[in-house]
Number of protein chains: 2
Amino acid sequence: MENNVKKTKIEIVMQSVREKVANRHLVSGARLPSVRAMAQEFNFSVSTVVEAYERLVTEELIEARAGAGYFVCSSVRAYPLNTVEPCLTREIDPLWISRQSLEAKPNSLKPGCGWMPANWMPEAALRKALRKTSRTEPDGLVSYSTPAGYAPLRHLIARRMEMTGVYSLPEQIILSDSGTQSIDLICRLFLNPGDVVLIDDPCYFNFHALLKVHKVETIAVPFTAQGPDIAAFQAALAKRPRLYITNAGIHNPTGASLSISTAYQILKLAEAAQLIIIEDDIFADLELIPAPRYAALNGFHQVIQIGSFSKTLSASIRCGYIAAKPEWVERLIDLKIATCFNSNHLNTEIIYHALTDSAYRKHLDWLRLHLAEAMSKTAGNLKKLDIHPWLLPKAGMFLWCQLPAGYQADKISKDSLKHGVILAPGGAFSSSPTANQFLRFNVAQSNHKKIYQILEKVLNKQSRAGSTDI
Amino acid sequence: MENNVKKTKIEIVMQSVREKVANRHLVSGARLPSVRAMAQEFNFSVSTVVEAYERLVTEELIEARAGAGYFVCSSVRAYPLNTVEPCLTREIDPLWISRQSLEAKPNSLKPGCGWMPANWMPEAALRKALRKTSRTEPDGLVSYSTPAGYAPLRHLIARRMEMTGVYSLPEQIILSDSGTQSIDLICRLFLNPGDVVLIDDPCYFNFHALLKVHKVETIAVPFTAQGPDIAAFQAALAKRPRLYITNAGIHNPTGASLSISTAYQILKLAEAAQLIIIEDDIFADLELIPAPRYAALNGFHQVIQIGSFSKTLSASIRCGYIAAKPEWVERLIDLKIATCFNSNHLNTEIIYHALTDSAYRKHLDWLRLHLAEAMSKTAGNLKKLDIHPWLLPKAGMFLWCQLPAGYQADKISKDSLKHGVILAPGGAFSSSPTANQFLRFNVAQSNHKKIYQILEKVLNKQSRAGSTDI
């Protein structure tokens, strides 16, 4: 990636020294070429080389000795700049997809990962927002934020929520560093080890990982095309669950949307059981027509909404939020200070500028259109391999797909990984026995012939192995 | 603060509409002035007003109706842009200083807060780093980071550590979003409710708040001018503590530094008891001569180092790290993914650029000099009020000061708050009975006559009240 960046002259000199140290052309304690000699070598000015050397002093790679010149620090060893390799031996668990996707080599194909390719993100709006933020007042640049976070962004989030019929005062909104951190703070407020929490079956794999950290018992309620199975949900209430964690709008991994009648019935049951619903609204900006929200019906009495901007704006500029009733907000702020002290102020300014730039709205129109196209194309490509979506989602980026009878998602995922294709096996989303017949596809990452070639190869291999096994 | 920012024409139009909505000059459903009329009013171009209106549409404050113009969204109520007020009734607890300092009005004086004023921070280096980062490749702008975080910053941190005799491979370093989050992740790895943790008496108040979240028992070991009291430390080991959390280099709040002989004896005891030491190296860049580090002696067998850049670079651009032995690194990465998914990639690039800019090193020289001057000045001012430092620190920004006999730090802090002065009462740092005779002063925030005038007033009032009370 570094080759794409236009290097300044100073950086060229710095890089050259770093490489010489890494290659052991310059070892610990060695004297660097004089500033003048280096300037002649590159045909740069002396002041350029001085600045490069001074920066390397700051990096503690080299040191200046008065009157004697610059020397490689005696403590420097040649660090290998290792690339992270996929771990082929790791068992499929809720962290499998995260680790494989985040540690993927640059040329891997990632139909199983949960985010957009970089060129599907609003790069121009972000660069503009960054430049704007680089001119913010000194306080914005260096100081802590107020405990609840940057007020203009909280106001904007309140207005955005109104699009889905959810009414929150800005004072009810706390900014955090991510959607996951938002849920984690809520779990810290309500849960003790051994408590019971309801989740969807299947659900976003990281809910499993997070709840494991909280040492609670989970009950997975089957998710239908209209929302949670009402009878199963009611039955689960007998175990006195404390929270129910689910997606708002577009369900991950199935792509299903809650129907208004299911929302109404689930909410009535939850209210009667004093169960708190955590609604993760991370996919809101991908919806064409908003699905019903529990918070719209219940008005934050027993519902907490969380969200972030990592799916449609940037995953590199972390920012999430929590909307809850005022008495919970105060306690969540105390927990936020105790466990991470403060959220990122600078990021919240960048996110605010990007969200309010009209380029973002235009980008969303483009994105929804391209996702719809990619969805039908991916479904078509998978159909040829006899892999079929459980349902065709109204919007979003996920297709939850069933393998032909007899194939196992975990084996296919591990085999594909060897060929550089990262899949999302059902077992990471659900511990039910049938989950291993499913794979989640991210349609935005699935437009590569090689994915389907590898899949075909891996399926064929398993079918041959299977016939001898049985 | 907003007045300092040079507003663009588009922003002027947006702000004018926002104010009209907030003041109810424009109510829900009202039609906005036409683009042409607005352009004439401000003497701006029509395209400027169109862009401003379009951005307000994105903010969901107004909506466009084809052929009819722009209207205030029907769901918009006039949100009050409340300023957060200090809470005068809150009891002194470990979160008291954080909440009061973070929620302070812009004109408050904050000798009790734990950070530098904005104009003591390296603003120029940060703005340069931000501009540089705005030109990063698309992946840096929008994508998740690798689980361990941006490699060049991990390499740089490893080199910085070598200044204190601590040798870590970059592979042993994980980036996080803050020093506090780093300790939180470590607590999650090692602690169960009911476990015992050693802390210093006094210690950074947020250690108390964080450990309370983990529902563990704490034993506070008296901190002497050379480090923890060795006999008390040894006695505390009988309760089989799991962790000992302390500062490296400069101790908060006392400003004391660990001596090499104390470090050696404490480490021998810790090794024999299989106690893990968490060393918080957040003040490293303020030291003139590095104090001994446990990690330098022990080499990460039983020591974990954490740190951040919030004290000397920016508290708004959150970034911390953990350095630990490889088998713990893997498990900490899993925990990081489960509880916050990913750290801020963009921030780590900004921090890297700022740290390697030679302007940062020059700033540190300036900062250390000014802190030393402010320290002797603050001590002089306090002496006139018969308030004396427990010791004169070698470096850093804190003075741990004892009140004249009979005065109580909690009462003085609550009284001073009414006059807009935020102090740091000893009770937030320690639950020992004598702690209430102490206040922590941040010398970088203490160069205001008004602070000493208010203190004198509040001390006089208490002395009169005290004489009738007794």
Side-chain angles (χ1 to χ4, degrees), chain A residues 1 4-5 54-55 58-61 75 79 84 95 98 102-103 118 121 123 126-127 130-131 134 137-144 146-147 151 155-156 159-160 162-163 170 177-178 180-181 184 188 206 209-210 213 314-318 334-335 337-341 344-346 356 358 361, chain B residues 1 4-5 54-55 58-61 75 79 84 95 98 102-103 118 121 123 126-127 130-131 134 137-144 146-147 155-156 159-160 162-163 170 177-178 180-181 184 188 206 209-210 213 314-318 334-335 337-341 344-346 356 358 360-361:
Chain A
M1 288 191 295
N4 304 336
V5 187
E54 277 301 307
R55 288 193 194 179
T58 316
E59 283 189 20
E60 279 136 35
L61 184 72
S75 55
Y79 292 126
V84 190
L95 288 166
S98 317
L102 294 171
E103 289 170 6
M121 299 291 264
E123 189 184 326
L126 285 166
R127 288 199 197 275
L130 252 167
R131 286 195 301 271
S134 76
E137 342 82 75
D139 258 331
L141 201 63
V142 301
S143 302
Y144 287 105
T146 55
H155 282 245
L156 179 63
R159 287 199 183 121
R160 283 165 52 93
E162 292 179 354
M163 297 284 284
D177 289 332
S178 65
T180 307
Q181 195 203 32
D184 186 37
R188 291 185 121 142
N206 211 48
L210 177 60
V213 173
S314 168
S316 167
I317 306 167
R318 310 291 291 156
D334 277 353
L335 275 169
I337 294 176
T339 60
C340 66
F341 202 72
N344 267 286
H345 174 73
L346 195 91
T356 53
S358 58
R361 211 160 56 109
Chain B
M1 291 190 294
N4 303 336
V5 188
E54 276 300 309
R55 289 192 194 179
T58 317
E59 283 189 20
E60 279 136 36
L61 183 72
S75 54
Y79 292 126
V84 190
L95 288 167
S98 317
L102 294 172
E103 290 170 6
M121 299 290 264
E123 190 184 326
L126 285 166
R127 289 200 197 277
L130 252 167
R131 286 194 302 271
S134 76
E137 344 79 77
D139 257 330
L141 201 64
V142 302
S143 300
Y144 288 104
T146 55
H155 282 245
L156 180 63
R159 287 198 183 124
R160 284 166 51 94
E162 293 179 353
M163 297 284 284
D177 288 333
S178 65
T180 306
Q181 196 202 33
D184 187 38
R188 291 185 122 144
N206 211 49
L210 177 61
V213 172
S314 169
S316 167
I317 305 167
R318 312 289 291 155
D334 278 353
L335 276 168
I337 294 175
T339 60
C340 67
F341 203 71
N344 265 285
H345 174 74
L346 195 90
T356 52
S358 60
Y360 177 64
R361 210 162 56 110

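Naming: A, B, ... by sequence-line order, numbering from 1 per chain.
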Before giving the answer on side chain to side chain contact (heavy atoms under 4.5 Å, CB included), spell out for A:E162 and B:E60 the whole-Å C-alpha distance, their side-chain angles and the decisive distance to 0.1 Å. CA-CA 8 Å; A:E162 292 179 354; B:E60 279 136 36; over 6 Å; no

Could you walk me through whether B:L141 and A:L130 pass side chain to side chain contact (heavy atoms under 4.5 Å, CB included), step by step? CA-CA 10 Å; B:L141 201 64; A:L130 252 167; 3.4 Å; yes

Take B:F341 and A:R318 through the test side chain to side chain contact (heavy atoms under 4.5 Å, CB included) and record every step on the way to the result. CA-CA 10 Å; B:F341 203 71; A:R318 310 291 291 156; 3.8 Å; yes

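At least one side-chain heavy atom of B:I337 sits under 4.5 Å from a side-chain heavy atom of A:L95. A heavy-atom distance below 4.5 Å is not found between the side chains of A:M121 and B:D139. The shortest distance between side-chain heavy atoms of A:H155 and B:L61 does not fall below 4.5 Å. Residues A:T146 and B:L102 fail the side-chain proximity criterion, which asks for heavy atoms closer than 4.5 Å.
Residues B:P138 and A:R127 come closest through the heavy atom pair N-NH2, 3.7 Å. Smallest separation of non-hydrogen atoms from A:R131 and B:S134: CG-OG, 3.8 Å. In terms of heavy atoms, A:E59 sits closest to B:L156 at CA-CD1, 3.5 Å. Of all heavy-atom pairs between B:V213 and A:T339, the closest is CG1-CG2, 4.0 Å.
At a 4.5 Å heavy-atom cutoff, the contact between A:S178 and chain B is made by side-chain atoms alone. Only the side chain of B:D177 comes within contact range of chain A, judged by heavy atoms closer than 4.5 Å.
Taking 4.0 Å as the cut-off between side-chain N and carboxylate O, B:E54 and A:R361 count as a salt-bridged pair.
Between the A:S316 side chain and the B:G140 main chain, a donor and an acceptor come within less than 3.5 Å of each other.
Taking OG1 from A:T58 and CZ from B:R159, the interatomic distance works out to 12.5 Å, rounded to the nearest 0.5 Å.
Residue with the most contacts toward chain A among B:A338, B:S314, B:S143, B:A209: B:A338 (heavy-atom pairs, distance under 4.5 Å). Options A:T180, A:V142, A:L126 differ in how many heavy-atom pairs under 4.5 Å they form with chain B, and the most are formed by A:V142.
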